[in-house]
K.L.:
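Structure in structure tokens, see below.
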Amino acid sequence: MASAKLREKQEDSVLAQRYRSWLLRKALFMGVSGNLEDFGHLVFVEKMGRAQ
């Protein structure tokens, strides 16, 4: 029984690690896409300013 419990615990930690790495990737992706949007907005504003 003890070995089964141990195996369960290891599987849980593997899942937890996968979940954390997925959260990290998602957070990084959200941050990057947010920065790209800001960058695109800045470029757009600058072009409009030059056009006037």
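Scope of the values below: all heavy atoms of this structure, side chains included, with no hydrogens, waters or symmetry mates. What you are looking at is a predicted structure, and each value in this text was computed from that prediction instead of being measured. Position 1 is the first residue of the sequence, and the numbers go up from there.
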K.L.:
For Val45, what residues pass the side-chain contact (heavy atoms from CB on, under 4.5 Å) criterion, not counting sequence neighbours?
P.N.:
His41
K.L.:
Decide yes or no on side-chain contact (heavy atoms from CB on, under 4.5 Å) for Val43 and Lys47, but give the supporting numbers first.
P.N.:
CA-CA 6 Å; Val43 169; Lys47 279 184 182 170; 4.0 Å; yes
K.L.:
For residues 11-36, run the donor-acceptor check on the side chains, cut-off 3.5 Å, and write out each pair with its distance to 0.1 Å, sequence neighbours left out.
P.N.:
| from | atom 1 | to | atom 2 | distance (Å) |
| --- | --- | --- | --- | --- |
| Ser13 | OG | Gln10 | O | 2.8 |
| Ser21 | OG | Gln17 | O | 3.4 |
| Ser21 | OG | Arg18 | O | 2.9 |
| Ser33 | OG | Phe29 | O | 3.0 |
| Ser33 | OG | Met30 | O | 3.1 |
| Asn35 | ND2 | Gly31 | O | 3.4 |

K.L.:
Could you work out, with salt bridge (charged side-chain N to carboxylate O under 4.0 Å, His left out) as the rule, every residue matching Glu37, not counting sequence neighbours?
P.N.:
none
